[in-house]
Amino acid sequence: MTEAARAAAARFAAAQDAPLDSDGVPHGQPVLDRLVALLDLERIEENIFRGVSPAESPVRVFGGQVAGQALVAAGRTVPPERHVHSLHSYFIRGGDPTVPIVYEVDRIRDGRSFTTRRVVGVQHGKAIFSLSASFQKDETGMDHAEPMPDVPGPESLPTYAEASKTYLDRLDHTRLPRPIDVRYVTEPPWESREDGPGEARSQVWMRADGKLSDDDLLHVCVLAYASDMTLLDSILVKHGVYWGTDKVLGASLDHAMWFHRRFRADEWFLYDCASPSASGARGLATGRFFSQDGRLVATVVQEGLLRVIS
């Protein structure tokens with residue numbers, strides 16, 4: 001662990017008075033500092049890194065955490081002037097939050113413009129996650145993007161704690177510390193389910209709940225972490241169900257991201273998600289990240305396992 005990570009972890013440990021959301025859940029800078037420490041992997045050998053999970057993890061390691069840590073491992077082997085532009089990953093097995101994850105990096109290619117890395121996350125001697133990432137040096141070229149949807153600003157929307165306050169007894173995941181500030185633009189899925197199936201879309205404003213350093217890789221990894229949040233909501237709302245309130249089980253199967261433009265993850269970004277299809281106990285969801293000034297900064301595609309238990 002680096003000195004910066006130790007300092008971040010120490011700040012969290014010392015912050016007994018960490019701010020609590022209106023539902024009593026820790027949030028804000030101390031919680032974000034711990035996420036930064038979580039992403040700051042220990043180098044145990046050339047091309048081999050080790051990461052851990054927070055003590056209050058759910059039964060399985062959160063997919064966004066594994067993706068973010070694997071991307072950190074890849075980025076630590078790439079020159080800083082080359083920036084990640086895409087990643088493709090598979091969730092192979094559920095991660096055990098009680099033991100460390102070892103990330104093994106394969107330096108596939110170092111070209112004149114692009115660098116390619118492959119990372120495998122290992123626990124108990126078996127692969128639980130694989131990621132391929134491509135990095136590129138800065139170049140100029142054609143530039144266009146779809147416009148951001150017209151939505152209310154984040155400051156006008158209720159916090160996650162305010163939006164979920166009447167469902168706390170049924171939404172266990174709402175009790176975990178929140179390093180990401182989430183504000184629903186569309187009706188939260190735990191509410192919309194009461195009206196039955198709806199449009200296969202979910203829109204939220206997000207940002208890291210505090211201040212991050214100027215490290216470009218850190219901002220990308222925090223966005224990768226956040227990208228696994230709310231994405232599958234667009235599938236669930238189409239069928240009028242939600243985690244914890246209905247008999248539906250799910251898990252991420254694969255996850256791909258493309259990073260188009262530079263951004264700061266500690267500034268507001270709109271996560272606009274939609275689902276084009278669900279079949280065979282699998283659902284596909286796509287997401288677009290827009291900065292608050294309307295720039296399209298990243299695109300996400302994920303397929304999830306979704307089983308409704310009768």
Side-chain angles (χ1 to χ4, degrees), residues 1-6 8-9 12-13 31-78 84 86-108 116-135 173 176-180 208 212 215 217-229 231-232 250-257 265 300 302-305:
M1 184 179 288
T2 67
E3 289 302 320
R6 289 192 185 96
F12 183 84
V31 180
L32 180 60
D33 286 345
R34 189 170 61 163
L35 174 59
V36 172
L38 199 71
L39 293 173
D40 194 2
L41 305 181
E42 176 190 3
R43 185 190 294 268
I44 58 177
E45 183 52 88
E46 188 71 16
N47 302 325
I48 302 177
F49 302 83
R50 180 162 50 203
V52 297
S53 301
E56 61 284 284
S57 293
V59 176
R60 292 193 303 255
V61 177
F62 173 52
Q65 172 196 318
V66 183
Q69 288 180 331
L71 189 55
V72 168
R76 292 277 172 85
T77 69
V78 176
V84 62
S86 69
L87 66 83
H88 302 263
S89 61
Y90 283 92
F91 297 91
I92 302 170
R93 293 180 175 87
D96 180 353
T98 66
V99 299
I101 305 171
V102 174
Y103 295 95
E104 302 172 349
V105 181
D106 188 358
R107 302 186 184 222
I108 299 295
T116 306
R117 295 290 185 262
R118 182 171 58 209
V119 183
V120 177
V122 178
Q123 281 186 324
H124 304 296
K126 297 180 179 180
I128 66 166
F129 180 79
S130 69
L131 173 142
S132 294
S134 182
F135 299 74
H173 60 278
L176 300 175
R178 299 188 189 116
I180 307 297
L212 296 170
D215 180 1
L217 180 62
L218 175 61
H219 288 264
V220 170
C221 292
V222 169
L223 194 74
Y225 175 93
S227 69
D228 199 32
M229 302 168 61
L231 181 57
L232 297 184
S252 302
L253 293 175
D254 59 9
H255 195 84
M257 296 186 72
V300 184
Q302 181 182 101
E303 188 172 48
L305 175 68

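Keep in mind it's a predicted model, so treat the numbers as computed, not measured.
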Which atom names give the shortest non-hydrogen contact between [X] and [Y], and what distance separates them?
X: S252; Y: D228; answer: OG-OD1, 3.1 Å
X: V300; Y: S227; answer: CG2-CB, 4.2 Å
X: D254; Y: Q302; answer: O-CG, 2.9 Å
X: C221; Y: L39; answer: CB-CD1, 4.3 Å
X: P54; Y: Q65; answer: CD-OE1, 3.4 Å
X: L41; Y: G51; answer: CD2-CA, 3.7 Å

Is any side-chain heavy atom of [Y] closer than 4.5 Å to one of [X]?
X: P97; Y: R60; answer: no
X: F49; Y: E104; answer: no
X: D106; Y: V119; answer: no
X: L212; Y: H219; answer: yes
X: I92; Y: I128; answer: no

Does the [X] side chain pair with the main chain of [Y], one donor and one acceptor, at a distance under 3.5 Å?
X: Q123; Y: D96; result: yes
X: H88; Y: A256; result: no
X: Q69; Y: V52; result: yes

**Request:** I would like to know whether S130 and R118 meet side-chain contact (heavy atoms from CB on, under 4.5 Å); could you show each step before the answer?
**Result:** CA-CA 7 Å; S130 69; R118 182 171 58 209; 5.9 Å; no
**Asked** Among L217, I180, V36, whose side-chain contact (heavy atoms from CB on, under 4.5 Å) with V222 holds?
**Response** I180
**Message:** Run the side-chain contact (heavy atoms from CB on, under 4.5 Å) test on T77 and R117 for me, step by step, so that the C-alpha distance in whole Å, both residues' side-chain angles and the decisive distance to 0.1 Å come before the verdict.
**Reply:** CA-CA 8 Å; T77 69; R117 295 290 185 262; 2.7 Å; yes
**Item:** Salt bridge flag under 4.0 Å for residues R107 and E46
**Value:** yes
**Request:** Salt-bridge test for R76 and D40: reply yes if a basic N is under 4.0 Å from a carboxylate O, no otherwise.
**Result:** yes
Rounded distance [0.5 Å steps], [atom1] in [X] versus [atom2] in [Y]:
X: L38; Y: Y225; atom1: CG; atom2: OH; result: 7.5 Å
X: L223; Y: L218; atom1: CG; atom2: CG; result: 11.0 Å
X: E45; Y: R50; atom1: CD; atom2: CZ; result: 11.5 Å
X: L131; Y: M257; atom1: CG; atom2: CE; result: 11.0 Å

**Item:** side-chain contact (heavy atoms from CB on, under 4.5 Å) between V122 and I101, intermediate numbers included
**Value:** CA-CA 6 Å; V122 178; I101 305 171; over 6 Å; no
**Request:** Apply ring-ring contact (aromatic ring centres under 6.0 Å, His included) to F129 and Y103, showing your working.
**Result:** CA-CA 9 Å; F129 180 79; Y103 295 95; 7.5 Å; no
**Request:** Run the numbers on L71 and L87 for side-chain contact (heavy atoms from CB on, under 4.5 Å), then give the verdict.
**Result:** CA-CA 8 Å; L71 189 55; L87 66 83; 3.9 Å; yes
